[in-house]
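Structure, as structure tokens:
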Amino acid sequence: MLFVKQELLATLAAELDRLSPGAGSRAAFESPKVAAHGDLASTAAMQLAKPLKQNPRQLAQNLREALQNSESFQRWVEAIEIAGPGFLNIRLKPEAKQQIVREVLAQGSRFGVQAANGQRVLVEFVSANPTGPLHVGHGRQAALGDAICNLFQTQGWDVYREFYYNDAGVQIATLAHSTQLRAQGVKPGDANWPSGENAAAYNGEYIADIAEDFKAKKTVKSDDRAYTASGDVADLDSIRQFAVAYLRHEQDLDLQAFAVRFDNYYLESSLYTSGRVESAVNRIVAAGKTYEQDGALWLKSTDYGDDKDRVMRKGDGTYTYFVPDVAYHIAKWERGFHKVVNIQGTDHHGTIARVRAGLQAAHVGIPEGYPDYVLHTMVRVMRAGEEVKISKRAGSYVTLRDLIEWTSKDAVRFFLLSRKPDTEYVFDVDLAVAKNNDNPVYYVQYAHARICSVLSSWGGDVAQLTHVELASLQSVPALALMLQLAKYPEMLSAAAQDFAPHDVTFYLRDLAASYHSYYDAERILVDEEAVKLARLALVAATAQVLRNGLAVLGVSAPAKM
RNA sequence: GGCCCCGUAGCUCAGUGGAUAGAGCAACAGCCUUCUAAGCUGUGGGUCACACGUUCGAAUCGUGUCGGGGUCACCA
């Protein structure tokens, strides 16, 4: 039906141009919410009424007659009705809707996917410092980032997944110190273990594991580094390097369990060693966008819309967090990524204006509004009616791996993608393992498994369904299902545009509901061969779209459940 | 106090300036000798926080108020 819709849109555009030159470029169809309002609707008459100084209903009447005389409308449209203040409600012939089944079966996993557009996008996400296992917030970020990458891929982008982290800094020093203490036999709670409000120590049990392996002179290998422990408890530098490699490897295992992979790991420390931080600062100073005050170097970020100026270099000579971030984004730009999306927690929102201001102040040709940000809120975990706040492994927070082990990769991904990023999410562990209608991931997967079961009972080759006669598909549930299938490509491109994977989860629930209704209303494996093949084609197409959508979310589509 | 996000059915949440604002859960009433009942069908439930404005039309855009959350160099 997509090509049907394109044909009709072209006709509408031509008619609008005839009424008012230039108006055709804004031609569009809406999808009415109420079935009684038809399959497609145009609001053009109401929009043009004022500029043309005509009565909108009369305008709609003229438009209706012109459209009815066109070749494409005569072929695909059953009726055009004028409603309310001037809506044109278009009801399609069943043949128009049946076309979608052919399109889906012919295109398979490519259905909804755009041709390569030759553009690259870098998506930065997770970016956890190697100080512990990934927590559920990182999980939300991993699910979001990976799904957004998949969405970009469907729209023809060449996608690059990047993980940015700091392997130096204060937190890493704390990590090394904590590990050293555990290696020396000091435990949290002991007199000489750091405690209190500003405790500079990590209390999780995983620190003891690192200390043990360090003393055993083990070698650890992560996706981006490898290191062999010296085993010398006094060698803080070796402890630091070993702990970082160890925890990077732990995080790799977390990500592996979640089926998320990265193309690159970028080190904050490299921005210093390569001189990129200095060079960024020098550019900004040279541009006259800084000043000295109270022993610090300030950025005139208010020149770029920030609500106050920001410290770049503190009194002790070190830089504030956003400065290396500015250098990092200049690096992204110079590496050729002119489209960049950062997935971060809402607690980072304050740095956005600073980073963007710094990028403008550096005058390296980066446009305003670079990069894009997707901010997400926190995740809380409920189990057996109570909030879970700690895990044994990490000490102070629930880990991503805990959640996956309690439920499944599929459930965690689907659940974390079932809300807008800025909606706070309460993850209900009991719901995620429930095997019923309450659990959306099973509901969607079950629709797919049911179809596979029907296809398997039939036993034929799905490929031969691509060209079967579809004219018998006329029932209300069948037409509703086809209409739902037809919405997939537009839903996908809108979701990519808005960085909104949750659109996909909502769509899949709707599609699964349409299928379950259809399944209940109409038996598929009937005696009459032509009818059976047409119905098989419809459900095979449905399974294909379910698979495509689930793949975007990184959720599996099981054939049996 | 400055900035950002949020306020929609009893609960959890969707909702590209369009028509009678939707879904799931919860409640109630039904549907399995037939392809997976992990399913389906139906019923009830709303001052879209509030006020004003923009316009043919506002849950959606603007301004303000109230309420909730986040954040504000010397953590990252």
Side-chain angles (χ1 to χ4, degrees), chain A residues 28 30-34 36-37 41 43 45-47 49-50 56 83-87 89 127-129 131 165-166 169-172 174 198 200 268 294-299 306-316 318-325 345-354 375 377-378 418-426 428 431 434-443 445-447 449-458 477 490-491 494 497-498 502-503 505-506 509-510 512-513 515-526 532 535-536 539 560-561:
Chain A
E30 308 201 354
S31 299
K33 293 176 199 160
V34 187
H37 294 152
T43 58
M46 290 176 289
Q47 284 160 0
K50 194 162 194 183
F87 288 97
N89 291 335
S127 294
N129 283 342
T131 56
Y165 71 94
N166 187 357
V170 175
Q171 292 189 7
I172 300 299
T174 301
N198 299 311
E268 183 183 336
D294 304 332
L297 180 70
W298 295 69
L299 171 67
D306 201 359
D307 55 306
K308 55 183 173 183
D309 290 341
R310 305 291 174 174
V311 173
M312 290 175 66
R313 192 170 53 219
K314 296 172 274 183
D316 65 2
T318 61
Y319 293 105
T320 55
Y321 172 68
F322 87 94
V323 176
D325 219 11
T346 49
D347 54 335
H348 285 76
H349 97 267
T351 66
I352 295 177
R354 271 165 255 181
L375 302 182
T377 54
M378 292 296 104
S418 63
R419 297 282 186 275
K420 285 182 297 194
D422 58 14
T423 296
E424 277 192 39
Y425 190 63
V426 179
D428 183 338
L431 178 62
K435 297 188 172 184
N436 57 41
N437 196 1
D438 305 0
N439 185 342
V441 63
Y442 280 98
Y443 183 79
Q445 289 182 321
Y446 182 54
R450 268 181 139 183
I451 297 172
C452 291
S453 177
V454 173
L455 292 172
S456 160
S457 298
W458 167 56
E490 285 170 58
M491 178 283 297
Q497 183 81 36
D498 301 340
H502 71 279
D503 284 353
T505 66
F506 278 90
R509 290 172 67 170
D510 287 346
Y515 175 72
H516 287 308
S517 290
Y518 174 71
Y519 178 89
D520 198 65
E522 210 153 72
R523 188 177 166 77
I524 296 153
L525 300 175
V526 292
K532 178 173 78 180
R535 291 177 182 180
L536 282 164
V539 303
K560 280 186 185 169
M561 290 173 72

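We name chains A, B, ... by the order of the sequence lines, and we start the count at 1 in each one.
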Any base atoms under 4.0 Å from A/A449, or only sugar-phosphate, or nothing? Heavy atoms, all strands. base

Taking only side-chain N and O atoms of A/K308, does any of them lie within less than 4.0 angstrom of OP1 or OP2 on B/rC72? no

What interatomic distance, in whole Å, is found between P of B/rG10 and the corresponding atom of B/rG46? 7 Å

Taking only side-chain nitrogens and oxygens of A/S517, does any of them come within less than 4.0 Å of OP1 or OP2 of B/rU41? yes

Closest contact, heavy atoms only, A/Y425 versus A/T377: N-OG1, 4.5 Å

Any A/K420 side-chain nitrogen or oxygen under 4.0 Å from OP1 or OP2 of B/rG15: yes

Whole-angstrom distance between B/rG7 and B/rC13, as gauged at atom C1': 13 Å

Re B/rA73: Watson-Crick or G-U wobble partner, both distances kept under 3.5 Å, found to be none

Just call it for A/Y446: base, sugar-phosphate, or nothing, with non-hydrogen atoms closer than 4.0 Å on any strand. base

Nearest nucleotide by nearest heavy atom, which residue falls closer to the 5' end of RNA chain B, A/D510 or A/G169? A/D510

Less than 4.5 Å apart, side chain to side chain, heavy atoms only: is that true for A/V454 and A/L536? yes

Phosphate-side-chain proximity, A/R354 and B/rC72, N/O vs OP1/OP2 below 4.0 Å: no

Nearest to the side chain of A/S457, heavy atoms from C-beta on, is which of B/rC5, B/rG24, B/rC35? B/rC35

Taking 4.0 Å as the cut-off, does a side-chain nitrogen or oxygen of A/T346 come that near to OP1 or OP2 on B/rG70? no

Does B/rC56 have OP1 or OP2 under 4.0 Å away from a side-chain N or O of A/K50? yes

Taking only the side-chain heavy atoms of A/M46 (C-beta and beyond), determine which of B/rG18, B/rA73, B/rU36 contains the nearest atom. B/rG18

Complementary nucleotide for B/rU43 - Watson-Crick or wobble, under 3.5 Å: B/rA27

Can you tell if the side chain of A/D294 reaches within under 4.5 Å of the side chain of A/V311, non-hydrogen atoms only? no

Return no unless some side-chain N or O of A/T423 is found under 4.0 Å from OP1 or OP2 of B/rA14. yes

By the rule that syn is within 90° of 0, classify the base conformation of B/rC32 as syn or anti. syn

A/V539 and A/Y519, any side-chain heavy atoms less than 4.5 Å apart: no

Please name the nucleotide paired to B/rA58 by Watson-Crick or G-U wobble geometry with both distances under 3.5 Å, or report none. none

Aromatic ring of A/H502 stacked on base six-ring of B/rA14, 5.5 Å, 30°: no

For the side chain of A/T423 and the backbone of A/R419, is there at least one donor-acceptor N/O pair under 3.5 Å apart? no

B/rC74 OP1/OP2 closer than 4.0 Å to side-chain N/O of A/Y321: no

Which residue, A/Q171 or A/E30, contacts RNA chain B at a nucleotide closer to its 5' end, judged by nearest heavy atom? A/E30

Check whether any side-chain heavy atom of A/V441 lies under 4.5 Å from a side-chain heavy atom of A/T505, and answer yes or no. no

Taking atom types as they are modelled, is there a donor-acceptor pair under 3.5 Å from the base of B/rA19 to the side chain of A/N89? yes

Between B/rC25 and B/rA9, how many Å separate the two C1' atoms, rounded to a whole number? 12 Å

Using a 4.0 Å heavy-atom cut-off across all strands, classify A/S453 as base, sugar-phosphate, or nothing. base

B/rA19 - base-pair partner by Watson-Crick or wobble geometry, distances under 3.5 Å: none

Applying a 4.0 Å non-hydrogen cut-off, can you work out what A/Q497 is touching in the nucleic acid: base, sugar-phosphate, or nothing? nothing

For B/rG64, which nucleotide in any strand shown is its Watson-Crick or wobble partner with both distances under 3.5 Å? B/rC50

